[in-house]
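Written below as structure tokens is the structure these notes are about.
A quick note: this is a predicted structure, and the numbers were derived from the prediction, not measured.
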Amino acid sequence: MKKRRLLGKLTALAAVSLVLLTACQNQEASEEDSAATDSSSDQETEVLRFGITGGYPPSNYHDEDTEELVGYEVDMAKELVKDLDGDVKAEFVEMSFGSILESLNSDRIDVAMHSLSETPERAEQYDFTVPYFDKVWGVIVAEDSDIQTLDDLDGKRAAQSVSTSSGQEAEKLGGELVPIDDVDEAMKLITEDRADFYLGSDVGQQDYLDKQPEPLSVRVLDETVPDVPASLVVPKGSDELREDLNEVIIENTEDGTLAEIYDEYLGMDKSIEDFDEYLDEDE
């Protein structure tokens, strides 16, 4: 009788143990499934890496108070990826301007985004999207300069970075290049009469002049120089990525999203009016 009672207790304990073991196994399986789901969710989020300098206001720069990366190109990239298929996030990789296009070749970035215009030389090595920003060159001269029109630039000293499209454009206007590293150096050369003019983005120039603690002894010519509009740049042969970006650039232009971003930073709309000349026949 005692043995039966003990056997009954052991049987009952075994049953309880079995229930507890099953519960633990079910919990572990549930946790594994949850972890697998989280992992799968993480894997579904794709990252599109944009190459920028992080120091080119108002295009892309760090806010002085928050250190947050801001600018019209930063906001634009965030909006564009929202409309790409899947869950895509924009990631910004900061580097020197001279390294941006090279970084496409080394797979450090997926997209070069720094107010880049398509040139025949660049088009041989990279693919360009439809443009997203209408660029115009402005010309800064000394306040007391006798330069009044673009024709007056022929034979004058141009404070320019020699590796940029602005430097090439200054040469086309007859300028003799005086190499610089940045806008500060250009303004110093002009005010000290060691250079005669500086050619650069009209919006970038105005932003720079507006942020000076004291007005500089310079002025901007009334005449501007048309420039090739800015496009995103992707590695050669990235047809699918280029076509996807074309689609979202056009969509965000036509619905006014880009115009709102430009107006916030620039007080004007710099979006493209007509894409027909930039699209292939099959697009």
From [X] [atom1] over to [Y] [atom2], what is the distance, rounded to the nearest 0.5 angstrom?
{"X": "Met95", "Y": "Phe97", "atom1": "CE", "atom2": "CZ", "result": "12.0 Å"}
{"X": "Ile190", "Y": "Ser217", "atom1": "CD1", "atom2": "OG", "result": "11.5 Å"}
{"X": "Asp244", "Y": "Ser238", "atom1": "CG", "atom2": "OG", "result": "11.0 Å"}
{"X": "Tyr208", "Y": "Leu216", "atom1": "OH", "atom2": "CG", "result": "5.5 Å"}
{"X": "Met113", "Y": "Leu245", "atom1": "CE", "atom2": "CG", "result": "11.5 Å"}
{"X": "Ile140", "Y": "Asp202", "atom1": "CD1", "atom2": "CG", "result": "10.5 Å"}

Original post:
Could you go step by step and tell me if Glu260 and Asp263 meet the side chain to side chain contact (heavy atoms under 4.5 Å, CB included) rule?
Top reply: CA-CA 5 Å; Glu260 290 181 9; Asp263 186 60; 5.8 Å; no
Could you check whether any side-chain N or O of [X] sits under 3.5 Å from a backbone N or O of [Y], counting only pairs where one atom can act as donor and the other as acceptor?
{"X": "Glu91", "Y": "Val47", "result": "no"}
{"X": "Glu118", "Y": "Phe128", "result": "no"}
{"X": "Asn246", "Y": "Thr129", "result": "no"}
{"X": "Asp207", "Y": "Gly204", "result": "no"}
{"X": "Arg157", "Y": "Glu176", "result": "no"}
{"X": "Gln160", "Y": "Leu199", "result": "yes"}
{"X": "Tyr72", "Y": "Leu266", "result": "no"}

Original post:
How about Thr149 and Asp151: does a side-chain donor come under 3.5 Å of a side-chain acceptor?
Top reply: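 There is no such pair (donor and acceptor under 3.5 Å, judged by atom type) between the side chains of Thr149 and Asp151.
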Subject >> Side-chain H-bond candidate by donor/acceptor type, Glu73 with Tyr132, under 3.5 Å >> reply: yes
Could you pull out the closest heavy-atom pair between [X] and [Y], with the gap in Å?
{"X": "Ile100", "Y": "Ile109", "value": "O-CD1, 3.4 Å"}
{"X": "Tyr265", "Y": "Pro58", "value": "CD2-O, 4.2 Å"}
{"X": "Tyr198", "Y": "Ala186", "value": "CD1-CB, 3.7 Å"}
{"X": "Gly175", "Y": "Ala158", "value": "CA-CB, 4.4 Å"}
{"X": "Ser99", "Y": "Ser96", "value": "OG-OG, 2.8 Å"}
{"X": "Ile249", "Y": "Pro131", "value": "CG2-O, 3.6 Å"}

Around [X], counting heavy atoms of other residues, nucleotides and ligands shown, do more than 12 lie under 6.0 Å from its [atom1]?
{"X": "Glu192", "atom1": "CD", "value": "yes"}
{"X": "Lys188", "atom1": "NZ", "value": "no"}
{"X": "Glu240", "atom1": "CD", "value": "no"}
{"X": "Asp184", "atom1": "CG", "value": "yes"}
{"X": "Lys236", "atom1": "NZ", "value": "yes"}
{"X": "Gln212", "atom1": "CD", "value": "yes"}
{"X": "Asp85", "atom1": "CG", "value": "no"}

With a 4.5 Å limit on heavy-atom distance, are the side chains of [X] and [Y] in contact?
{"X": "Ile272", "Y": "Leu258", "result": "no"}
{"X": "Leu69", "Y": "Ile52", "result": "yes"}
{"X": "Asp75", "Y": "Glu264", "result": "yes"}
{"X": "Phe50", "Y": "Leu80", "result": "no"}
{"X": "Tyr126", "Y": "Asn105", "result": "yes"}
{"X": "Lys89", "Y": "Val81", "result": "no"}
{"X": "Tyr278", "Y": "Ser231", "result": "no"}
{"X": "Ile250", "Y": "Thr253", "result": "no"}

Can [Y] be reached from [X] by stepping across I, L, V, M, F, W or Y side chains whose heavy atoms are under 4.5 Å apart?
{"X": "Leu153", "Y": "Val220", "value": "no"}
{"X": "Val88", "Y": "Val248", "value": "yes"}
{"X": "Val218", "Y": "Val141", "value": "no"}
{"X": "Val130", "Y": "Ile261", "value": "yes"}
{"X": "Val111", "Y": "Leu84", "value": "yes"}

Subject >> Residues Gln125, Val233; criterion side chain to side chain contact (heavy atoms under 4.5 Å, CB included); working and verdict >> reply: CA-CA 10 Å; Gln125 302 181 64; Val233 192; over 6 Å; no
Original post:
Do NZ/NE/NH1/NH2 and the carboxylate oxygens of Asp110 and Arg49 come within less than 4.0 Å?
Top reply: yes
Original post:
Do Asn60 and Glu94 pass the side chain to side chain contact (heavy atoms under 4.5 Å, CB included) test, and can you show the C-alpha distance, the side-chain angles, and the key distance before you say yes or no?
Top reply: CA-CA 10 Å; Asn60 58 88; Glu94 297 180 38; over 6 Å; no
Subject >> Audit row: Leu116, Arg122, side chain to side chain contact (heavy atoms under 4.5 Å, CB included) steps and yes/no >> reply: CA-CA 10 Å; Leu116 291 161; Arg122 288 172 176 172; 3.9 Å; yes
Original post:
Would the Tyr262 and Phe133 ring centres measure less than 6.0 Å apart?
Top reply: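 Yes - the distance between ring centres of Tyr262 and Phe133 falls below the 6.0 Å cut-off.
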